[in-house]
Amino acid sequence: MEEKDRKDRNSYHWYPGHMTKAIRMMQENIGLIDLIIELVDARIPLSSRNPDIDKLGAGKSRIVLLNKSDLADPEYNRQWAAYFQGQGAHVLEINAKTGAGVKAINNLVQEACREKLERDRKRGIVNRPVRAMVVGIPNVGKSTFINAFAGKACAKTGNKPGVTKGKQWIRLNKSLELLDTPGILWPKFEDAEAGMRLAFIGSMNDEVIILEELACDLLTVIRQLYPENIKVRYAVEWGEIPAETLEAIARSRGCLARGETLDMKKAAGILLDDFRGGRLGRMTLEHP
Ligand code: G4P
């Protein structure tokens, strides 16, 4: 096998699909937007964002939502919130699935857009709603968030001049309108580590990944950060190498293939599912 092929096989990939189309949609609409609401995954707040949004959204008010904060380590949620605040964004921890934290966004919008609202007021413009766009990488929770935030009661305000045909504004209240189509960003990773973390949280197609390898990589990371959680969940001790620990998990969970052979793929699936579902405990895999 060529060296390059081998390297490609062993690293984690992202297939960008309609990336250019999504970026174009955002560029077309950015001029209409006052505020960018960016969702990141609180378990990997850096790897789950595309830094191009900083350039694309230059001059706009910014809110960063640490979504899936229920799955992340509360201590690091606080640290990441401080980190993004330090970068000039307004930040909230939310759980889009239950709606926890979502209500507080209305106040934050007013805060984030204070300068714009003040400018409007000085020009004699009153009651012009803030217009916001939700952005984030696939699977970060954009649709769930829009549903939780806008709810069923929201009324679409219809097309407005300058908005890409078919785009609609959801009127949330008299002071806020949301573009109904979220901007999809693709994660950008120069290093394989970021790709690997995206694979851990399930934001990569599992079909292009060797599950046993991914599970061993996850075990390596968890061993450094939350070593007790694996012992507690599966009643196992750490092996010398990750594959040994995965074997212990396979035994502990009765993952058998034929006869006495351990079904490592099944064990890997159990571990990844447990991690993604928060059953290993709340974990944050990268630190500010
Ligand atoms: P997207 O539009 O950005 O692509 O993401 P989407 O809303 O489809 O959410 C992706 C998955 O993440 C969904 O799970 C959703 O329920 C889950 N999710 C979103 N926000 C949160 C959160 O704050 N906490 C937790 N724990 N999960 C969240 P799914 O497995 O695809 O669907 P479902 O089984 O939950 O219905």
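Counting convention: from 1, in listed order, for ligands and their atoms alike. On a predicted model such as this, the values are computed, not experimentally measured, just so you know.
- When distances from atom 18 (N) of ligand 1 to the protein are checked, a heavy atom turns up under 4.0 Å.
- Of all the listed residues (N67, D70, T98), D70 holds the heavy atom that lies closest to atom 25 (C) of ligand 1.
- Residue-to-ligand polar distances place A96 within reach of ligand 1: an N/O pair is separated by less than 3.5 Å.
- The number of heavy-atom neighbours closer than 6.0 Å to NZ of K265, taken from other residues, nucleotides and ligands shown, is 12 or below.
- Atoms of ligand 1 found under 4.0 Å from any heavy atom of L71, numbered from 1 in the order shown, are 26 (N).
- A continuous path of hydrophobic side-chain contacts links L225 to I222 [ILVMFWY only; heavy atoms under 4.5 Å].
- Closest protein heavy atom to atom 16 (O) of ligand 1: K97 CD, 3.7 Å.
- Nearest heavy atoms, R197 versus E286: NH1-OE1, 2.7 Å.
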Discussion item. Between L92 and I63, is the side-chain contact (heavy atoms from CB on, under 4.5 Å) condition met? List the steps.
Written reply: CA-CA 8 Å; L92 262 184; I63 288 180; 5.7 Å; no
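- Among protein heavy atoms, the minimum distance from atom 6 (P) of ligand 1 is reached at T144 OG1, 3.5 Å.
- Atom 10 (C) of ligand 1 is flagged as protein-proximal [any protein heavy atom, distance under 4.0 Å].
- Using a 4.0 Å threshold on non-hydrogen atoms, atom 23 (O) of ligand 1 counts as touching the protein.
- Taking a distance limit of 4.0 Å, we find that atom 14 (O) of ligand 1 is approached by no protein heavy atom.
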Fill in: Verdict with supporting geometry, M133 and I30, side-chain contact (heavy atoms from CB on, under 4.5 Å)
CA-CA 8 Å; M133 173 160 65; I30 205 90; 4.0 Å; yes
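- For atom 34 (O) of ligand 1, the nearest protein heavy atom lies 4.0 Å or farther away.
- Protein heavy atom closest to atom 21 (C) of ligand 1, with residue, atom name and distance, is K68 CG, 3.6 Å.
- Here the side chains of L179 and V134 are not in contact, with every heavy-atom distance at 4.5 Å or above.
- For Q87, the CD atom sits in a packed shell: over 12 heavy atoms of surrounding residues, nucleotides or ligands are nearer than 6.0 Å.
- Here the protein heavy atom with the shortest distance to atom 31 (O) of ligand 1 is N139 OD1, 4.7 Å.
- Between Y83 and W80, the ring planes are perpendicular. Angles over 60° get that label, and only those under 30° would be called parallel.
- Just one of K142, R49, K60 meets the salt bridge (charged side-chain N to carboxylate O under 4.0 Å, His left out) condition when paired with E38; it is R49.
- Remark: ligand 1 and S69 share no N or O pair separated by less than 3.5 Å (distance only, no angle test).
- For atom 2 (O) of ligand 1, the closest non-hydrogen atom of the protein is S143 OG, 2.5 Å.
- Here is the list of ligand 1 atoms found below 4.0 Å of a heavy atom in N95: 22 (C), 23 (O), 24 (N).
- No part of L39 comes within 4.0 Å of ligand 1, judged by heavy-atom distances.
- Atoms of ligand 1 lying under 4.0 Å from any heavy atom of G141, numbered from 1 in the order shown and given with element: 1 (P), 3 (O), 5 (O), 6 (P), 7 (O), 9 (O), 19 (C).
- For E115, the CD atom sits in a loose shell: 12 or fewer heavy atoms of surrounding residues, nucleotides or ligands are nearer than 6.0 Å.
- Relative orientation of the Y76 and H287 rings is parallel, given thresholds of 30° and 60° on the angle between their planes.
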